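It should be emphasised that the depicted structure is a prediction, and the values quoted were computed from it without experimental measurement. Numbers for residues simply follow the sequence, beginning at 1.
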Amino acid sequence: MAKKEVKKNLVFKNKKAFHDFTILDTYEAGIVLEGSEVKALRDGRANLKDSFIKVIKGEVFLFNMHISHLSTAHATYRPDERRERKLLLHNKEIEKLHSKVMKDGITIVALKMYFNAKNMVKVQIASALGKKLHDKREDLKKKTQERDMKIALKSF
């Protein structure tokens, strides 16, 4: 029997966050998962696209992140795929994030989820400021100009 190829560097990115927000500060947080969710993550069944973070009663929760059900897991136990998941941060970091959200009107966004060196699931979150439509257009113009410059340099 041949060994199955192991996927290394499983990183789930929220590309839409970089398009919609200006990133200010980043933090690394642990996440509380249930049952077969870690195995589903190792199988590559996660989506951070529409996820958002709220601070509720001094605790940080990640909402609307989708982790699909694993077909090899027990059929009677199926955790909700879009349930809220608690994030693990230090109290000082939670207070800092909460004060930014309340005073400055800043949003907390999940940027990426990955397995660290100790094989623990971590979520990189960031305090972010929403972009206006003209800011998004300027970013797209810059990206296309940089891409064209790289292509021109390669062909030269």
Side-chain angles (χ1 to χ4, degrees), residues 7-34 37-38 40-70 78-156:
K7 293 181 184 177
K8 298 267 181 174
N9 300 331
L10 280 173
V11 177
F12 306 98
K13 293 181 181 178
N14 187 358
K15 294 178 184 176
K16 193 173 181 182
F18 290 102
H19 179 70
D20 292 340
F21 298 100
T22 303
I23 307 302
L24 303 175
D25 296 334
T26 59
Y27 300 93
E28 184 182 56
I31 185 168
V32 177
L33 298 172
E34 289 183 359
E37 289 178 334
V38 176
L41 287 176
R42 290 192 192 284
D43 199 29
R45 299 173 176 248
N47 187 1
L48 286 171
K49 187 177 179 183
D50 297 326
S51 61
F52 59 96
I53 297 171
K54 282 187 179 180
V55 180
I56 302 171
K57 294 183 182 178
E59 295 180 337
V60 182
F61 290 94
L62 177 63
F63 289 91
N64 214 18
M65 181 186 70
H66 187 269
I67 298 178
S68 308
H69 178 68
L70 192 62
R78 290 185 71 147
D80 185 22
E81 294 174 340
R82 290 199 178 267
R83 70 177 179 85
E84 64 275 358
R85 292 168 175 90
K86 186 176 178 181
L87 296 180
L88 307 171
L89 288 165
H90 292 284
N91 284 333
K92 289 181 181 178
E93 292 174 334
I94 294 172
E95 290 170 12
K96 190 185 291 187
L97 283 172
H98 186 65
S99 66
K100 282 184 182 180
V101 169
M102 296 306 287
K103 290 179 185 173
D104 302 333
I106 290 176
T107 309
I108 308 172
V109 184
L111 298 179
K112 66 181 179 178
M113 184 167 46
Y114 56 93
F115 288 92
N116 69 355
K118 295 182 181 179
N119 254 348
M120 305 284 266
V121 180
K122 298 291 181 177
V123 179
Q124 185 179 24
I125 63 174
S127 58
L129 197 60
K131 285 185 184 177
K132 304 283 188 228
L133 183 61
H134 59 86
D135 293 334
K136 293 178 190 178
R137 287 180 182 161
E138 287 177 14
D139 286 346
L140 286 174
K141 286 178 187 177
K142 286 179 186 177
K143 285 181 184 178
T144 55
Q145 287 175 351
E146 288 175 7
R147 190 179 315 120
D148 292 342
M149 283 180 19
K150 286 182 182 178
I151 291 171
L153 288 174
K154 280 186 178 180
S155 65
F156 182 69

Next on the checklist: What verdict does the side chain to side chain contact (heavy atoms under 4.5 Å, CB included) test give for I108 and V60, after you've listed the backbone C-alpha separation in whole Å, the side-chain angles of each residue and the deciding distance to 0.1 Å?
Outcome noted: CA-CA 10 Å; I108 308 172; V60 182; 5.7 Å; no

For [X], check side chain to side chain contact (heavy atoms under 4.5 Å, CB included) against everything at least two apart and list the hits.
| X | result |
| --- | --- |
| F18 | I23, L111 |
| V38 | L33, R42, F115 |
| T107 | F21, V109 |

Report the residues that fulfil side-chain hydrogen bond (donor to acceptor under 3.5 Å, both in side chains) with [X], sequence neighbours left out, ordered by chain and then residue number.
| X | answer |
| --- | --- |
| E81 | H66 |
| N64 | R82 |
| E34 | Y77 |

[atom1]/[X] to [atom2]/[Y] distance, rounded to the nearest 0.5 angstrom?
| X | Y | atom1 | atom2 | result |
| --- | --- | --- | --- | --- |
| K49 | N14 | NZ | CG | 9.5 Å |
| E28 | M120 | CD | CE | 10.5 Å |
| R83 | L62 | CZ | CG | 10.0 Å |
| L41 | L10 | CG | CG | 8.5 Å |

Next on the checklist: Any salt bridge linking K54 with E84? Criterion: basic side-chain nitrogen under 4.0 Å from a carboxylate oxygen.
Outcome noted: no

If you count every heavy atom of other residues, nucleotides or ligands that lies below 6.0 Å from [X] atom [atom1], does the total exceed 12?
| X | atom1 | result |
| --- | --- | --- |
| H98 | NE2 | no |
| H134 | NE2 | yes |
| K13 | NZ | no |

For [range], which residue pairs pass the salt bridge (charged side-chain N to carboxylate O under 4.0 Å, His left out) check, not counting sequence neighbours?
| range | value |
| --- | --- |
| residues 124-138 | D20-K136, K131-D139 |
| residues 144-156 | none |
| residues 86-102 | D25-K100, E59-K86 |

Would you name the heavy atoms of [X] and [Y] that are closest together and state the gap between them?
| X | Y | result |
| --- | --- | --- |
| A40 | S68 | CB-O, 3.4 Å |
| I31 | M65 | CD1-CE, 3.9 Å |
| S51 | L48 | OG-O, 2.8 Å |
| A126 | T26 | CB-CG2, 4.0 Å |
| M113 | A46 | CE-CB, 3.9 Å |

Checklist outcome for this item: Residue set satisfying ring pair (Phe, Tyr, Trp, His ring centres under 6.0 Å) with F63, at least two apart, ordered chain then number -> F52

Next on the checklist: Is there a side chain to side chain contact (heavy atoms under 4.5 Å, CB included) between H90 and Y27? Walk through the geometry before answering.
Outcome noted: CA-CA 10 Å; H90 292 284; Y27 300 93; over 6 Å; no

Checklist entry - Are the side chain of D43 and the backbone of R45 linked by a donor-acceptor contact shorter than 3.5 Å? => result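 No.
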
Item to check | L97 and I125, any side-chain heavy atoms less than 4.5 Å apart | outcome: yes

